[in-house]
Asker: 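Let me begin by handing over the structure; questions about it come next.
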Amino acid sequence: MDTMEYSDFQIYLYLEMELKRLRTFLKYTIGWNDNLLLKNSEDDDDDDEVAAVSLGSLMCKVKVALIDIIRDSGSISQRENTSFVPVDTDLCCLVLFEAIQEIFSRLRPRNWQDWHMIHRMLNKVLGQEINRAYVTFSYCLSKLTSPMRDVKELMELIDTVLENLTAILNCCDADDDARFRMEAFHVRLQNLKVKLRSLRSFICVVKFRVVEHSQLQNLLIHAEIFTLKAAHLLFMLWDHLMDEIENDDGTDGDSKDEAVEDEMKMKLLIKRDEMLQKIMFVDPFTPEIHIRALQALKASGSTGSLEMKNKEIARDFVDSLLSTLWILLANSSNTCFLISVTDQMQILYEGLLFLRTLLTNQQGNFDELREEMKDFVGDLVNEAGIVVCLLCVNGVKDGFAKETDDAVCHFLEKIKLIKVEVRNKYPVTSKHYFPKTTQLGFIDFLLENLKELTNCKINSITPVEDQIQVFEKDLVFLRSFLHKFGDQHNKELQSLQSRVMEVTHKAEFVIDSLMVGNIECSPLLFENFVEEMTHIKIEAMEINESMKHNMVEVQKFTKTPSLVPLQGSIPTIDEFVLKLDEETRAIIDRLTRGSEHLDVVTIVGMAGLGKTTLSKIVYNDPSIMYHFHIRSWCCVSQVYSKKDLLLQILYCITGKHCNTNLKETNEDDLNEQLYRHLKGNRYLIVLDDLWGTEAWNVLKNSFPEDANASRVLVTSRLQDLASEIKRNSIPHTLRLLTNDESWELLKMKLFVHPAMHHVLGKEIASNCKGLPLTIIIVAGILSTLGQDGWEEVLRSLSSESVSRTEQCRYTLELSYKHLPDYLKSCLLYFGLFPEDKFISTKRLVWLWIAEGFVQKTELKTLEEVAEDYMMGLINRSLVMVEKRRSIGGVKFCKIHDVIHEFSVAKAREENFLQLLRGGNELFTFHEAGNVRRLCIYSKPKDFEVARLFCPHVRSLIYFGLDYDFLVCTSSFLHGFCIFRLLRVLDLYQIDLDDFFPTEIELLILLRFLCLPVSLKYIPPSIANLLYLETLLLGGFNGAGSTGLLPDTIWKMKNLRHLRSNTIWFILPWGHNIENYCGLCHLQTISTVQLFCWENMEKITRLLPNIRKLKCRLSHYSSDISAGKCNRISGGRCDRLFALDSLTKLESLSMYATPVPDEFHIAFPMNLKKLTLALLYWRWSEISIIGKLPNLEVLKLKVDSFEGKVWDMEEVEFPKLKYLELNSLYIVNWTGDGDHFPCLEKLVLKELRELVEVPSCLSYISTMEMIEVQRCTKSIVDLVKKIEEEQKDFGNEGIKILIHDR
């Protein structure tokens, strides 16, 4: 086997680890001598491993080894004096230690052989004796009655072991092979790291508060023994890891037969199991010793001052307690508790989080608290340690030991006092404990779930099933009551509604906890909820009786909003913006005229004034497109990374086909690529929404200065930014609209609204204070109201005296108030996504459904209703369309940054969701207990270290800080043991390699799951996720390969969407396929591999409601039997591939390996969108497609058809609206008849040989746009000719888009 390839960085890390573990051993030898070892080990006759060790002899061997390293590596000069080992053992260790430090500073291994030579020298020559010495040290320490080292020396030893542990983990992060081998150890090593840090902080916090050193003796002896064992464990673990690598690498060069290799592998597996057991039993945390030290401290009354350094020690100690408690809770996640215990642990964890945050100066200012309160905090730190230690002794379980229960209660009471003190000094905005948004929608969602529970007969809730049914019945009544009277501004009614929601949320938590097995089921468990709901129902009935006489007033307040229909054209933002010619012309002149040197043009103005919109108009202006060779758009915003910005610019330049390669490129290479692309070209780069010069400074070196009149266009809210970027630069300040322009924009947005009144409209427009965004939002409100509503809007705008800066925010509050409840949640959900980023509408719709926002109707699917919701937000001008689908509808959308800011703030205010950015916000977040939705922007390491305890969280969406896919560890995944109630989990930017995490299989309530993994195999246990509706698998590895779905996939009856963008899945057609009912709810499946010999009756029966199918068609497979392969190749493939039996299929994308000529496909008549590639059909066969009566979109991609001539003859596409020809080797495309009577858009991509197009294209009255991408000049000329003839024919509105790249 060839020697493995290692980078210089990997080799250096490996060498560093070798020397660090030797240095650690030398540190431990200090203080020992041969006489002391002999004295303490001679009594042990039972343990063969404990034997007298000659330190003098061992030091000589270490000396020789180091001299050999210095001489043989060839990377540093040989020491002139090699006799540098004194007789004294301690002095010898120090000298050798200094020698290792010198090697650290100077050694540069040249290759793998250099490092391997050093490893063999240290391991083979010294390994056995060092192992024996560690065992002897440990035994001897256990015999001592007083510690060998003082606190300072012990701290240094712990730091050294921590350094070794971190080095091992770093080696694994740098080497995929090592990371794979260490996967089984990773979680335990991370926990060991936490325990070491906890021990260190514990010793520090006790030391600075304890008066008598004698109180520390037992603790120090225990700590030194543990530290020694940990160092020994890491020494052995590294040897084991290197043995595995060496065995696979074949470095020894010996040719081993299979028997020898198998024997070696078995030995390594046995050793691996032994190492795992050793890690489990190495535990620094002996709670009894810790408790005695803390209780002695408490009894002594010692209160060290929490100032300066001591406060940091206390903070680190509390942090270590949090980590210990989190591990304890995570490891108990499969244990059933009473609900009271779960609540108590949540409050305890939040109390510790609050204490840590207070000591970090993030919650108010600790230094400004009263002195007695600071001392109180110091005592509280001590009590926190006792509480956690008692939990470790007695366990987290029902019926705490009295001592534990008392300690927990006292600690929580004192935390309350601290919180009162802090919040009196630093008030915080009150928040709703339960989400306030869409309360009736939440009740509907819960009722639907309760109905499913009743039908499913789940064993875990059987003891409370009758009580749940009573609860459900009362909740149905109260839901009807709240719908009837909930809009009245009545304190009694609002109080009743709050109580209903509180009980409902608590009941949901209990039911879900029962389903996942987090709490014990008891007949008394649900009794309080039923009793409380019955009392509320009685009150509601009394209120109902008292209001019967006044039903006219009630109806006046009650309204049922109607859904906005999906029909009609979809507006884009620029259709609603006034074309201010003088503004546009001024910017274009500054970009195309003036200096030949690179220049920066800045557009400034307040939020909502239209800076981005004006820039887009300029960017897409024909004169700009003609003037610049390269144009690129980059949205910066407040949160950005350099790599993100570089990728945005490069994507615009190179096209999306380079996504995968670019994402894997580092920043320096991206910077160089961008420079090369721009060099020698006249370019325009738009940097939208700049918030300071930092982003400009990281990008400016990527923009070459070629004195060819290149430009950078910047938009910003900051007036001074132009001069900061370029001295004496004058920004273009965007002006406000006049009253007349405001009225024109309002009319344009409203079109011809039947309720429009010019007098009211003009007054409303003038009250918008000239801000285009405000006008557009107000128009969205007015479009849903009658005359009374218009008058109310005018009163609201007139009565509030707000500045122009606050005008948009106030108008958004007004718009939010007028939204129907079901749209409020949908709008706030946009706050989860990064600012200024495009959002996939399909993905968003699936998330809304999983969250329970979308109400069921009889006539429409959930997806269709959700799309109606989207149109409702678009028509209210709250959501912008960024890209339309070819078949109609919205493909990508986004919201204005002002609306994004509003959504995030309003969502936090109503406890709808919590957004955490970066490690600092994660670390200081201490209100996790009542969060329902959590969105995190951070590195996996930050999330892992923060150890959030959020038992109530139902949605977790994770974004990286840039385009990088962030590598996660087993410790990261282990954290999901805490989040057992999740319904939505989106880890799109977390790199999970190619394995399906077992931790995810425990989240049985999941409805939406997105994992960026390139799985070739999904485990059968995926069927544990019975409620899963959407499964999205991504990643960038293994694109185009095949994978196998398990048989159990057919049990996932709720699955609606299954999609992978890298793997072609093979459906499991097992022998027992007849026993499965099929996936009746599945609407989307992509990507799947089908075979020509497949019996389509199976697909029709098992996937009867498929609407969208993306498949790869093949006539062979390595997985099928040879007999079937022979039948295909033997001419028995002259059958029909009958897709026409999928009667609900609307969208089909088909890719193929070449299929036999005799093979035909029958398409379903209901098909609306068809994409084909790699079929190599003859053009004569396209008549089959032309006969599809409902086809609206046809995309013919690479090699879908072959032949130089496409003569359309009698072919007609009666309803086709969109036609795309991409990467086809067609020369003549002819046709004189009316072949495309409804065609609206024609797209021509990478057609290198086309010289003729049908004459009918010049006379199609419905034609709106022709787009040309990367085609020859002759095709561009043909398209321009069509444009002229279309305009002559009367179609003045036709658009021609030509992309040369």
Side-chain angles (χ1 to χ4, degrees), residues 566 568-577 612-613 615-616 619-620 632-637 644 647-652 654-659 663 686 688-689 776 826-827 829-849 863-864 866-897 899-900 903 935 957 959 963 986 988-989 1008 1010 1012 1030 1032 1034 1057 1059 1061 1084 1086 1108 1110 1147 1149 1169 1171 1193 1195 1217-1218 1220 1240-1241 1243 1245 1265 1267 1269 1295 1297 1299:
L566 192 60
S569 61
I570 300 170
T572 56
I573 186 169
D574 55 342
E575 292 174 359
F576 302 139
V577 177
T612 300
T613 302
S615 300
K616 284 184 177 180
Y619 183 80
N620 292 311
S632 186
W633 186 285
C634 175
C635 187
V636 181
S637 300
D644 183 353
L647 284 171
Q648 284 191 62
I649 298 172
L650 281 167
Y651 287 167
C652 276
T654 62
K656 292 186 177 180
H657 59 284
C658 296
N659 276 10
K663 285 188 178 183
V686 179
D688 185 35
D689 198 17
I776 290 172
C826 296
L827 176 64
Y829 209 75
F830 278 90
L832 287 170
F833 297 93
E835 185 180 343
D836 288 320
K837 294 294 187 291
F838 296 174
I839 302 167
S840 166
T841 303
K842 189 167 293 183
R843 183 192 193 87
L844 183 59
V845 160
W846 294 344
L847 282 165
W848 285 350
I849 292 171
E863 288 75 11
E864 288 171 338
E867 288 180 359
D868 287 345
Y869 289 6
M870 176 64 71
M871 287 306 304
L873 293 173
I874 290 171
N875 290 337
R876 287 171 172 80
S877 301
L878 295 171
V879 174
M880 299 183 288
V881 178
E882 282 299 327
K883 187 176 182 180
R884 298 183 178 97
R885 294 194 191 113
S886 54
I887 199 171
V890 182
K891 187 169 185 177
F892 290 101
C893 62
K894 64 176 288 189
I895 58 174
H896 194 282
D897 53 359
I899 301 177
H900 186 272
S903 297
C935 183
I957 298 180
F959 292 98
Y963 275 93
D986 192 336
Y988 178 67
Q989 277 188 271
F1008 179 100
C1010 176
T1030 301
L1032 308 180
H1057 308 283
R1059 190 175 75 184
N1061 62 9
T1084 304
S1086 64
K1108 180 175 182 178
K1110 183 177 181 181
S1147 176
S1149 298
K1169 179 178 179 180
T1171 302
V1193 175
K1195 296 183 178 182
K1217 297 179 180 179
Y1218 180 103
E1220 178 181 323
E1240 296 176 357
K1241 184 172 182 179
V1243 178
K1245 294 183 180 180
M1265 180 184 294
E1267 185 174 351
Q1269 296 185 24
K1295 295 180 180 178
L1297 297 180
H1299 307 280

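Only heavy atoms go into these numbers, but all of them, side chains included; no hydrogens, no water, no symmetry mates.
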Asker: So F1008 and I957, side chain to side chain contact (heavy atoms under 4.5 Å, CB included) or not? Walk me through it.
Answerer: CA-CA 11 Å; F1008 179 100; I957 298 180; over 6 Å; no
Asker: Tell me, with the steps shown, if K894 and F833 meet side chain to side chain contact (heavy atoms under 4.5 Å, CB included).
Answerer: CA-CA 9 Å; K894 64 176 288 189; F833 297 93; over 6 Å; no
Asker: Hey, what's the ring geometry for F838 with F892, parallel, tilted or perpendicular (30° and 60° as the breaks)?
Answerer: tilted
Asker: Do the side chains of Q648 and C635 get nearer than 4.5 Å, heavy atoms only?
Answerer: yes
Asker: Once rounded to the nearest 0.5 Å, what's the spacing between atom CG of L832 and atom SG of C935?
Answerer: 5.0 Å
Asker: Between T1030 and H1057, is there a side-chain donor-acceptor contact under 3.5 Å, judged purely by atom types and distance?
Answerer: no
Asker: Atom CD1 in I895, atom OG in S903: separation rounded to 0.5 Å?
Answerer: 4.5 Å
Asker: With side chain to side chain contact (heavy atoms under 4.5 Å, CB included) as the criterion, how do L827 and L873 come out once you've worked through the C-alpha distance, each side chain's angles and the decisive distance to 0.1 Å?
Answerer: CA-CA 7 Å; L827 176 64; L873 293 173; 4.2 Å; yes
Asker: Assess whether side chain to side chain contact (heavy atoms under 4.5 Å, CB included) is satisfied between F959 and K837, documenting all intermediate values.
Answerer: CA-CA 12 Å; F959 292 98; K837 294 294 187 291; over 6 Å; no
Asker: In Å and rounded to the nearest 0.5 Å, what is the CE to OG1 distance from M880 to T613?
Answerer: 7.0 Å
Asker: If we ignore hydrogens and angles and just use 3.5 Å, is the side chain of S632 paired with the main-chain N or O of I649 as donor and acceptor?
Answerer: yes
Asker: E867 and salt bridge (charged side-chain N to carboxylate O under 4.0 Å, His left out): which single residue from K842, R885, K891 fits?
Answerer: R885
Asker: Nearest 0.5 Å, what's the CE-CG distance between M1265 and L1297?
Answerer: 4.5 Å
Asker: Classify the angle between the aromatic ring planes of Y869 and W848 as parallel (below 30°), tilted (30 to 60°) or perpendicular (above 60°).
Answerer: tilted
Asker: Measure across I874 and V881 and return the closest heavy-atom pair with its distance rounded to 0.1 Å.
Answerer: CD1-CG2, 3.7 Å
Asker: Looking at CG of L844 and CZ of F830, how far apart are the two atoms once the value is rounded to the nearest 0.5 Å?
Answerer: 5.0 Å
Asker: Kindly compute the distance separating NZ (K1169) from OH (Y1218), expressed to the nearest 0.5 Å.
Answerer: 8.0 Å
Asker: Would you call R884 and E1240 a salt bridge, taking side-chain N to carboxylate O under 4.0 Å as the test?
Answerer: no
Asker: Using modelled atom types and a 3.5 Å cut-off, is there a donor and acceptor pairing between side-chain atoms of E835 and backbone atoms of H900?
Answerer: no
Asker: Considering non-hydrogen atoms only, spot the tightest contact between R843 and C1010 and give its length.
Answerer: NH2-SG, 3.2 Å
Asker: If the condition is side-chain hydrogen bond (donor to acceptor under 3.5 Å, both in side chains), which residues does S615 pass it with, not counting sequence neighbours?
Answerer: none
Asker: Which one of D836, D688, D644 satisfies the side chain to side chain donor-acceptor pair (under 3.5 Å) criterion with S637?
Answerer: D836
